[in-house]
Every structure is written in structure tokens, then in C-alpha cells.
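Everything numeric here is computed off the predicted structure, so don't read it as measured data.
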Amino acid sequence: MPGLARISRSMVASAMLIAVVAALAMAYTSGGGASRDSLIAEMLSNFILVLGMQVFIGNTGVLSFGHMAFAHIAAYATAVVGIPLAAKTKSLPDIPFGLADVEYGPLGMTIFAVAVTLVVGAIFGIAVCRASGLAPTMITLAALFVVEQLVKNWKELTRGAGGLSGISRLEGNGWLWVGAFIALVVAHLFQETRIGRFAIATREDELAAPALGIRLFTARYAAWVVSIGLIALGGSLRAQSLGSVNPKQFTLDSGILILVMLVVGGMRTVSGAVLGTVLITAGNELFRQLGDPQRLDIERFPDLFLGGAMLLAMLLRSGGLLGDRDLAGWMRRKTHRPPPTRAATRPAPSPAANTLDARDVEVHFGGFVALDGAGLSVRPGEVVGLIGPNGAGKTTLFNVITGIVHEQGGTVHLGERDLTYCKPVDVARAGLSRTFQNLRLFKNLSVRENVALTALVAARHRRQREQPDVELLLADAGLTEFADRQAGTLDYGNQRRLELVRAAALAPEFLLLDEPTSGMSDQETMAMVDSVRAVATHIGAGVLVIDHDLAFITRISDHIVVLNEGRVLAEGTPAQVRANPLVAEAYLGSSA
């Protein structure tokens, strides 16, 4: 069973990584005293915090400087229920929310801290995950400053700048090792889940993911909530390990330390997060000792190490030391067994019954009229070519149909369904799948994963259609031998074929192809004719295609629509369009 395989793979990979870290920790502590045990405890709590940040930053690509705010919340939540009642009466005589009579043990205070932090984080995450561009990063940074001021000034609950002490301390580092293993398993499992893989797709391309039916907010919000849960676990266990909490514990500086660990090892993988934590912890401690007055007497020497490590990583290995190399990913590739190939004479699915109609579409960009009453129809199983000179409005009409551009007038329908004001993700789930004029592959993912991600959307939202087989699609496109390679490493022609196959995996009613032969040689263009026809037949889809190559359009199309200056100039069969003098004048630049 696939689900069981994912769980076992995550467990095995997590166990192997924690075993390596444990072996290194044992070797380090075997020759020292309590100070070395304290360093391992700090490393383990950082380990959990780094994995928490990896789940969000590494999988979504959205940078956050404010995760430590939620570690702070968890640490104080731990303190207010973990301090013995007698001590709490003295240190927090006016504590609110009925917490004066609450005292939990290690498990209870951890669960309480994670629950409280998750509630706060889930509410706050709505703003973070709905924002775009630089805004999410700045929102998280603002959260850090707000929480820091609350901690310093809400004295009835936090005791202000003095912090809180007397928390029931953990004996040894056993609970921290358990927490680290749990964090590893959760981080691995998240990347294996459908929503986790969708989050990775949003990291790779914010425009292509919605156009393939992946909702940005949902995927990122799931990553945020899981991330906050792990951050809360790390913050709570650190408070219990130290027995105290204060406003200086989870500041911007500590957040940057965690971020450096993530970036240096490789933020896109769990293995990278583990490696970065170990290396930066060791390097930080080494430079702390070297900067001791008895040696070099260099003030803040560890900061120099952190800055240098980050700079070297950015200059030499921008993807981190491990890049996209990951133990769990390696295990997934090694254990993947493609299903038996079906017979080559498999019957093609019946074409969908709906017609795609765009009527009287108007689009204005300021004072410029991009479309002025343009429209077209594509019948089930039909291939329609859309041509016209540069600036005619072809891509704009394409973007209107797929929800990227909103029109000022006109309608778009797929059968009885009105798509006029739908977002790209809803258009895709309704049955329109597209490619882009400029390639928009998930370049850091494998060829197979590019196609499999879209197939996951189809399995959830396109159940009424026959589900294309990922391995068969790859085989038909001649991509099987490249299935485990990163999509960005393919040559241009194969990347174009991959984009076509990825769109087909959505089980759409119509494929919309934006200049699929752009940049191709004549031989590759002719091969693309066969590829488009074969893929469309394979999934029973109609095709709407834009291209400047008239030879390609006339060979592939059953019907051609010609745009000029935002209006339909002519339409008909390829022979009728070629014979039309208005087309020759507008498109070819000559008079009839």
C-alpha cells in the first residue's frame, strides 16, 4: 500500500538520521563533562526548531524571520503551567486565565504549550499565507517584535524582563531525543503527503502550480500549521531543559542562528536541515572557545563564523551543502517500482462532452485595448489553432480563458459551467490544463514528480474522467529514461514535452498550449505535432494551441482562429485561412 510505504520510509529515514546524530553526540560527550551534555541539549532543541522552519520555509520557499515568536509563546506557555503552585504564587501572584491553580508534568505542559501555540499560530498564519511577495516575510518579522514586547510588558503573565524560573526540569536529554525523532518523522511525512507535495510545487512556481489545480493558500497554510507545531515542541522542550525562560531566549539573533543552520545544510531537504544543525552547532562552539580571552580574545567570534558560513553557502552552494540530496528521496527512488506497462493497443478514452466557449471578451490595460470583443469555440476532441501577428491579443485571450487575466466584458464557459470570473486553480480543476509560452516546470523536482503532482490533483478533483497513467504518459513522450532526473537538467525539447505531459496528467477536457514549439528546430516542431496529437488522443481532450509557426498550426489544427488588434479577423479550416487575403495582409504583412 502506498500510504504504508510512505510511513515506513519516513520512519526508517528518520531512524537512520537520528542514529547518526546520536553516534556523533556520544562520541563528543564521552570525553567531557556536564558542559558537553548541555551543548547536546541545546543542539537537540535547535534541531527541532530547524526542522520546524524547514517544513515551512524549505517546502514553500517563503522566508520567515518570525518563527521564534512562536517558540517564545510555547516556552512561556510551558512555564505558566510547569512552575510548582507554591513558587507560582510568589512569582506570578496576579496570573490571569485561572492558571494559578494549574500545574502539569512534562507531558502535560508540552501538550498544553503546543496546543496554545498552534491556536495562536493558526490564526496568525491566515495573514501570512494569504500575502504574497515580500509581505509574508515582513508579517512574520512583525510578529517577532510584537511577541517580544508582550513578553516584556505583560508582567502578570510573564513577570516581564526578569523571566520565569522554577520550571520542572527534564532529567537528562531523553525527552529531547524523543522530540528530535518526532520532528524528523513529521518533517519526512509532510513531504510525502499530497498537501506537502503541493506545497513544494508552490515553492517551485507560484504561477504554474495554480494553473495545474494546486491552491497556493491551502498548501502553504498546511505547511505553516505543521511548522508551528514543531516550533512549539522545540520551544517547550528547551524551556523544560533549562528550567527557565526569559525575553532574551528567542530573539531575532536566535532566529538567524536557526536560519543559518537551515540554509547551510540545504533548506529543501530534511537531511540538509539535520546536516546544517550539526555543522553550525559544532562550528559555533569551536569559534566560541577560540574567541575566549585566554586564546584569541575576539569578541563575538561565533558571529563571524555564522556570517562566514552563510556567505560561503550563498556564494558556493546556494542550495546548501546537500542541495536536493535527501535520504528519504534516495530511498523513494530506489524502492520505486513502475506498474506493468499496459498493452500498446489500449483504447483511447471518449472525448469529453463539453464545448469550450469564449464570447465577446474585452480586456483593457489602462488606455490600451488588448481584446475588443474577441472569442472562439473549441468542440470536444477538436484541435483549434489561434494565430495572429505580435500584439494581436492571443496570449491575453489565453490568459482570460485560464483565469490569469480578468476581462472587463464577455464570458467564458465550459459546457454549462461559467468560468468567467474563476481563479486559475478553479479553471484547472474544472477541466482546462495549460502550458506556458516561457517554460514553467518544477525544475528542482524530478521528471516523474512533475507529472505525478498533477496526477494527484486529477485523482482528487477530476475523478469523473479516466485517470492517465503517469508511467504511460512518460513512456509515450519518450521520457522514461529521464524519469528520475531533475526537470531543469533536460534539454529544451524534452522540457517542452514534459510540460505537455504534465498538463495532460490533469485529465483535462481541453489542453491549452501556449507556443509549444517556441525555440524548437523544424525537426522538433514536426515531432511536436505527433506528440500533441498522441497525448490529446490518449486523454480524450480537445486542444487550443497558440503558435507563430504556420506550418505547425496548419498541420495540427482542425480549425484556425485568426486574431488581429484584439478582434477575430477570420476563422475556418487551415485551407480557408491560408486562402483568406485579410489573413495574408495582417499576418504575413503583404497585400492580397
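- Here R440 does not pair with E204 in a salt bridge; the nearest charged N to carboxylate O distance is not below 4.0 Å.
- Counting only N and O atoms by type, the side chains of S271 and D326 include a donor and acceptor under 3.5 Å apart.
- Within 6.0 Å of atom CD in Q523, 12 or fewer heavy atoms from other residues, nucleotides or ligands are found, so the atom counts as exposed in its surroundings.
- Few gaps surround CG on D530; more than 12 heavy atoms of other groups in view lie less than 6.0 Å from it.
- With respect to the salt-bridge test (charged N to carboxylate O, under 4.0 angstrom), the residues D426 and R215 qualify.
- For the 3.5 Å distance criterion, the side chains of N494 and R485 fail to qualify, holding no donor opposite an acceptor.
- Counted within 6.0 Å of CZ on R460, heavy atoms from surrounding residues, nucleotides or ligands total 12 or fewer; the atom is thus considered open.
- Between the side chains of T140 and H67, not a single donor N or O lies within less than 3.5 Å of an accepting N or O.
- Enclosure of atom CE in M16 is not indicated, since only 12 or fewer non-hydrogen atoms of other residues, nucleotides or ligands lie within 6.0 angstrom.
- With 3.5 Å as the limit, one finds no donor-acceptor pair spanning the side chains of D514 and T435.
- A side chain to side chain donor-acceptor pair (under 3.5 Å) with N59 holds for exactly one of R268, Q191, R220, R197; it is Q191.
- Using modelled atom types and a 3.5 Å distance limit, the side chains of R502 and T454 yield no donor-acceptor pair.
- Between F365 and V405 the shortest side-chain heavy-atom distance falls below 4.5 Å.
- T355 and D357 share no donor-acceptor pair across their side chains, judged by distance under 3.5 Å alone.
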